[in-house]
Amino acid sequence: MPELPEAERARLQIDRVLGREIVAVDDRDTYVCRPHAPGEIEHALTGRRLVSAHRRGKFLWAETDDGGPILGLHLGMAGRIDVDEEPAPRNWDRFALTFADGGRLALRDKRRLGRAVLEPDFVHVGPDAAEIDRATFRARVGRGGAPLKARLLDQGVLSGVGNLLADETLWQARLSPRRPAGSLAPEELDALRRALRAAIRSAIRLGGVHTGAFIPHRDREGRCPRCGTALARDTIGGRTTYWCPVCQPD
DNA sequence: AGCATTGTTTCACA
DNA sequence: TTGTGAAACAATGC
């Protein structure tokens, strides 16, 4: 599920629990809560309240009352934030807060690659993909010899673009994922940024990245929804990539 | 059985 | 030193 649009929806879920007193914390999953020992996050948060929820790219964090510790959350490959839901089966709730009103916030994550951590560090995280201005986008994305898609996926360059959002955006912008990032003209970079913002806005509104026009066709048998050409497939930037060889020529 | 997976970090290498 | 790519991580679904 989780790319920037899903993370933004998760942030909205955290908003729902702001102000509630935390009475219990489940931080027993030592992998998800690394490097914390069990009980560390529990000790830091019990008795406090979350007062604000933030997001940069796919990284989430919440501030606590009276300048208390910051709780960082990441959805990993398959996580979601559940609020006031029944506990998930099979210990899929990898981290959870219980509130005085009986409610609950859980990081539900089958794959277990999500994270819950105190005082998260965003030093190596680039500007948010939905907020980045045109000049910064040109300067950061439009450089280097790496394939354009690999550049978009680099969270240190800009944050929030995942594998599916990258394919959707490149298809919308009619740009090849294989083009060296530094070879793009300023106008192409502007168009790419516009396509990215539009794809993000749409995905947040419609409920996730797979609501895009291209993603549903992203399959070995898939064809371009624009021209009907069989999609090309390759590994780029370490991820499986689909694109239309006609609409998105090198 | 084998392979792929909407993410991040670490390590090796040029 | 910097940039790039592959492997590791954990678990599930086809």
Side-chain angles (χ1 to χ4, degrees), chain A residues 1-11 28-35 55-61 72-81 88-95 107-117 120-126 128-130 139-171 177-183 196 199-200 202-204 206-222 231 233-243:
Chain A
M1 299 276 297
E3 297 190 34
L4 189 154
E6 289 79 8
E8 176 57 19
R9 292 174 76 87
R11 192 191 68 74
R28 292 171 295 177
D29 192 311
T30 55
Y31 188 75
V32 168
C33 297
R34 70 189 183 285
R55 179 188 61 73
R56 183 147 133 214
K58 308 168 196 171
F59 294 85
L60 299 163
W61 71 96
L73 294 170
H74 195 288
L75 303 176
M77 186 87 89
R80 51 180 289 172
I81 299 294
R90 302 187 43 188
N91 285 336
W92 283 340
D93 286 345
R94 310 296 183 181
F95 176 81
L107 170 58
R108 179 173 179 162
D109 178 16
K110 291 184 185 179
R111 297 288 189 277
R112 221 177 154 206
L113 290 171
R115 291 291 291 276
V117 64
D121 176 14
F122 301 123
V123 170
H124 300 293
V125 179
D128 186 87
R140 296 183 74 97
V141 177
R143 54 167 298 189
L148 179 56
K149 179 174 177 183
R151 197 77 188 154
L152 286 175
L153 291 176
D154 187 337
Q155 306 298 299
V157 172
L158 87 171
S159 63
V161 180
N163 198 31
L164 300 186
L165 184 56
D167 280 3
E168 173 76 27
T169 300
L170 290 166
W171 179 80
R178 302 198 281 200
R179 285 270 300 276
S183 76
L196 177 57
I200 290 172
S202 169
I204 291 175
L206 299 180
V209 285
H210 26 323
T211 61
F214 178 71
I215 298 307
H217 304 269
R218 207 178 157 283
D219 177 88
R220 275 192 166 82
E221 308 301 315
L231 263 25
R233 178 187 190 270
D234 198 1
T235 298
I236 302 175
R239 318 292 296 185
T240 300
T241 301
Y242 290 88
W243 73 98

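Keep in mind it's a predicted model, so treat the numbers as computed, not measured. Every chain is numbered from 1, with letters handed out A, B, ... down the list of sequences.
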Between atom [atom1] in [X] and atom [atom2] in [N], what is the gap in whole Å?
| X | N | atom1 | atom2 | result |
| --- | --- | --- | --- | --- |
| A/Leu4 | B/dT8 | CG | C1' | 16 Å |
| A/Asp121 | B/dT10 | CG | P | 11 Å |
| A/Leu148 | C/dG5 | CG | P | 13 Å |
| A/Leu153 | B/dT6 | CG | P | 10 Å |
| A/Ile236 | C/dT4 | CD1 | C1' | 14 Å |
| A/His210 | B/dT6 | NE2 | P | 12 Å |
| A/Tyr242 | B/dT6 | OH | C1' | 13 Å |
| A/Leu75 | B/dT6 | CG | C1' | 11 Å |

| task | Using modelled atom types only, decide if a donor and an acceptor are shared between the side chain of A/Gln155 and the backbone of A/Gly126 within a distance under 3.5 Å. | result |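 No, because the side chain of A/Gln155 does not come within donor-acceptor range (under 3.5 Å) of the backbone of A/Gly126.
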Would you say [atom1] of [X] has more than 12 non-hydrogen atoms from neighbouring residues, nucleotides or ligands within 6.0 angstrom?
| X | atom1 | value |
| --- | --- | --- |
| A/Arg143 | CZ | no |
| A/Asp219 | CG | yes |
| A/Arg34 | CZ | yes |

Using a heavy-atom cut-off of under 4.0 Å over every strand shown, decide if [X] touches base, sugar-phosphate, or nothing.
| X | value |
| --- | --- |
| A/Gly208 | nothing |
| A/Arg34 | nothing |
| A/Pro147 | sugar-phosphate |

| remark: Residues A/Arg56 and A/Val125: closest non-hydrogen pair is NH2-O, 2.6 Å
| query | Excluding sequence neighbours, so at least two apart, what forms ring-ring contact (aromatic ring centres under 6.0 Å, His included) with A/Phe122? | reply |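 If we apply the ring-ring contact (aromatic ring centres under 6.0 Å, His included) test to A/Phe122, skipping adjacent residues, the hits are A/Phe59, A/Trp61.
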| field | A/Arg9/A/Glu6 ion pair, N-O < 4.0 Å | value | no
| How would DNA chain B look in dot-bracket form, 5' to 3', counting Watson-Crick and G-U wobble pairs with both distances under 3.5 Å and writing | for bases paired to another strand? | .||||.||||||||
| message | Generate the contact string for nucleotides 6-14 of chain C. Rules: B means base contact, S means sugar-phosphate contact only, - means no protein heavy atom under 4.0 Å. | response | ---BBBBS-
Roughly how far, to the nearest 0.5 Å, is the [atom2] atom of [Y] from the [atom1] atom of [X]?
| X | Y | atom1 | atom2 | answer |
| --- | --- | --- | --- | --- |
| A/Arg108 | A/Asn91 | CZ | CG | 12.0 Å |
| A/Leu113 | A/Leu75 | CG | CG | 11.5 Å |
| A/Glu3 | A/Leu165 | CD | CG | 5.0 Å |

| field | Side-chain N,O (A/His74) to OP1/OP2 (B/dG7) below 4.0 Å | value |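 For B/dG7, OP1/OP2 do not have a side-chain N/O of A/His74 under 4.0 Å.
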| said: Work out how far the C1' atom of B/dT6 is from that of C/dT4, and round it to whole angstrom. | reply: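 About 23 Å, rounded to a whole number of Å.
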| note | Of B/dT6, C/dG5, B/dT5, the nucleotide closest to the side chain of A/Ala150 is C/dG5
| task | Just compare B/dT5, C/dG5, B/dT6 and give me whichever is closest to any side-chain atom of A/Arg233. | result |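 Given the options B/dT5, C/dG5, B/dT6, the side chain of A/Arg233 is closest to B/dT5.
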